[in-house]
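The first residue of the sequence shown is numbered 1, and numbering continues consecutively from there. Side-chain atoms are counted along with the backbone in the values below, which use heavy atoms only and exclude waters and symmetry mates.
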Amino acid sequence: MEKIAVAGAGAMGGRIGTMIKQAGYDVTLIDYWDEHVAQIQQHGVEIQTEDDTYQLDIEAIHPHEIDTQYDLIIILTKAMQSVEMLQDLKRYDAIKPDTAVLTMMNGLGHHERFSQVIPMSQIFLAVTVWTAGLRGPGQLLLEGTGGIELQRADGEADPRTSTINDIFNNAGLNSTISEDVFQSVWSKATLNSVVNPLCTILNKRIGEFAEYEATRDMIKPIIKEIVAVAAARDVQLSEDALIDKIEATYPEETQGLHYPSMHQDLYSGRYTEVDYLNGQIAKYGDELGVETPNNKLLTHLVHQLELSHVDQD
């Protein structure tokens, strides 16, 4: 794969794109944010790590400036922008019949939405536990370590899967090929569907939320619904394992000092991804006859907060 694009060059897209670039690959960042793209075009990306701060030259363009086709496109926009981005990539002829389009976004149902634009055989799913921060236009904060799991969305064997995995590992991204990526997708979606809306609604850091002695009583009903919906879609999840996964984020040395991404979006005046987490779970539940009152309520509560925190114009 000679030409690689990262569509959605925010914090996580910036991390993935710059790490692959530094491994020697031809990488282009594609984004809608004018100031961000202009800063990278003029000065490169400023990368701050635990040990150093440095500049990296990397190509950055808007979708309408695309003038080539890519072998691999990694989509890391916000979930609500992803289909628009995919449609623009197709409109501006960035996608070949054999282009691998990989989504590493939070949330559920991305492969279903993407399949309305491109064939399922071109769609790859990935889950990552890497973190990243965006300090300003063209300014990344990259700390800690992580990993990636990936698989073609329809589960079929594909030589491109190994190629993508090799690219990620050459870039130090600690990638593995999954035999059941949907289980990992649902596991991460459960974490995000519990911690994100509750901390957002309560306006608390993850560790502050955990200080309440009855947090487990709060999260169990949400998790039970998700496990039931997942099972109806032939994805088997362990309620106990999910509780352990969520509670592992509580200590300060993990994520306890942080506000989750949904909180950051809302209190920065941006719409959240709740429709792709709790909202998508509720939608699946309605389709499958599984009751999801807690996930529906969380979705409505977050949308209520959006009315007062996001400019509606």
Side-chain angles (χ1 to χ4, degrees), residues 1-34 36-38 40-41 44-45 56-79 81-105 110-111 113-128 130 132 138 140 148-154 156-173 175 177 181:
M1 294 184 172
E2 295 183 0
K3 287 191 170 293
I4 300 170
V6 178
M12 186 58 64
R15 176 184 272 282
I16 301 299
T18 57
M19 289 181 72
I20 295 174
K21 172 69 174 180
Q22 290 176 97
Y25 294 95
D26 182 349
V27 179
T28 300
L29 304 179
I30 303 173
D31 205 88
Y32 291 117
W33 184 11
D34 292 341
H36 187 52
V37 171
I40 298 171
Q41 288 175 341
V45 177
L56 177 72
D57 289 331
I58 186 169
E59 183 178 8
I61 60 174
H62 298 92
H64 69 267
E65 296 175 310
I66 292 170
D67 62 359
T68 190
Q69 293 181 316
Y70 299 96
D71 302 300
L72 169 63
I73 299 174
I74 302 165
I75 296 189
L76 274 163
T77 62
K78 286 292 184 181
Q81 295 179 319
S82 61
V83 172
E84 177 188 3
M85 176 62 81
L86 185 60
Q87 290 170 335
D88 279 345
L89 292 167
K90 187 174 182 180
R91 179 181 302 117
Y92 295 113
D93 200 29
I95 303 173
K96 302 180 293 182
D98 63 347
T99 298
V101 178
L102 180 144
T103 169
M104 208 181 297
M105 299 177 295
H110 298 306
H111 66 296
R113 287 180 282 272
F114 282 17
S115 69
Q116 303 302 308
V117 182
I118 59 175
M120 188 70 78
S121 61
Q122 290 186 258
I123 302 170
F124 293 74
L125 296 178
V127 180
T128 183
W130 285 97
L140 291 175
I148 294 173
E149 292 181 49
L150 70 105
Q151 186 181 30
R152 206 172 96 169
D154 58 10
E156 294 294 323
D158 189 318
R160 291 174 296 179
T161 307
S162 295
T163 303
I164 298 167
N165 191 58
D166 289 343
I167 290 169
F168 287 163
N169 281 320
N170 290 338
L173 287 162
S175 182
I177 297 173
V181 75

Looking only at heavy atoms, which two atoms of [X] and [Y] are closest? And how far apart?
| X | Y | answer |
| --- | --- | --- |
| Gly8 | Met85 | N-CE, 4.2 Å |
| Phe124 | Ala100 | CE1-CB, 3.5 Å |
| Gln41 | Ala60 | NE2-O, 2.8 Å |
| Leu29 | Ala9 | CB-CB, 3.8 Å |
| Gly138 | His36 | N-ND1, 2.8 Å |
| Leu140 | Ala11 | CD2-O, 3.8 Å |

* To do: Run the numbers on Met105 and Thr77 for side-chain contact (heavy atoms from CB on, under 4.5 Å), then give the verdict.
  => CA-CA 7 Å; Met105 299 177 295; Thr77 62; 3.7 Å; yes

Got a donor-acceptor contact below 3.5 angstrom from the [X] side chain to the [Y] backbone?
| X | Y | result |
| --- | --- | --- |
| Arg160 | Arg152 | no |
| Asp31 | Val37 | no |
| Glu149 | Val127 | no |

What's the spacing between [X] [atom1] and [Y] [atom2] if we round to 0.5 Å?
| X | Y | atom1 | atom2 | answer |
| --- | --- | --- | --- | --- |
| Thr28 | Tyr70 | OG1 | OH | 4.0 Å |
| Thr128 | Leu76 | OG1 | CG | 8.5 Å |
| Ser162 | Ile177 | OG | CD1 | 4.0 Å |
| Ile66 | Ile30 | CD1 | CD1 | 4.0 Å |
| Asn165 | Asn170 | CG | CG | 9.5 Å |
| Gln122 | Asp158 | CD | CG | 10.0 Å |

* Are Ser175 and Asn169 linked by a side-chain donor-acceptor pair shorter than 3.5 Å? ->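 No, no side-chain donor-acceptor pair sits under 3.5 Å.
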
Would you check if [X] and [Y] make a side-chain contact, meaning some heavy-atom pair closer than 4.5 Å?
| X | Y | result |
| --- | --- | --- |
| Thr161 | Gln151 | no |
| Leu173 | Ile20 | yes |
| Thr103 | Leu125 | yes |
| Leu86 | Ile73 | no |
| Gln69 | Lys3 | no |

* Asked: salt bridge (Lys or Arg N to Asp or Glu O under 4.0 Å) between Asp71 and Lys96: does it pass, once the steps are laid out?
  -> CA-CA 7 Å; Asp71 302 300; Lys96 302 180 293 182; 2.5 Å; yes

* Asked: Given the rule in the side-chain contact (heavy atoms from CB on, under 4.5 Å) test, do Phe168 and Leu102 qualify, once you have shown the distances and angles that lead to the verdict?
  -> CA-CA 12 Å; Phe168 287 163; Leu102 180 144; 4.2 Å; yes

* Please assess Asp67 against Ile61 for the test side-chain contact (heavy atoms from CB on, under 4.5 Å), listing each intermediate value before the final yes or no. => CA-CA 10 Å; Asp67 62 359; Ile61 60 174; 5.9 Å; no

* Asked: Do Leu89 and Ile75 pass the side-chain contact (heavy atoms from CB on, under 4.5 Å) test, and can you show the C-alpha distance, the side-chain angles, and the key distance before you say yes or no?
  -> CA-CA 10 Å; Leu89 292 167; Ile75 296 189; 4.1 Å; yes

* Asked: Using 30° and 60° as the class limits, which term best fits the ring planes of His62 and His64: parallel, tilted or perpendicular?
  ->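 Aromatic pair His62/His64 classed parallel.
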
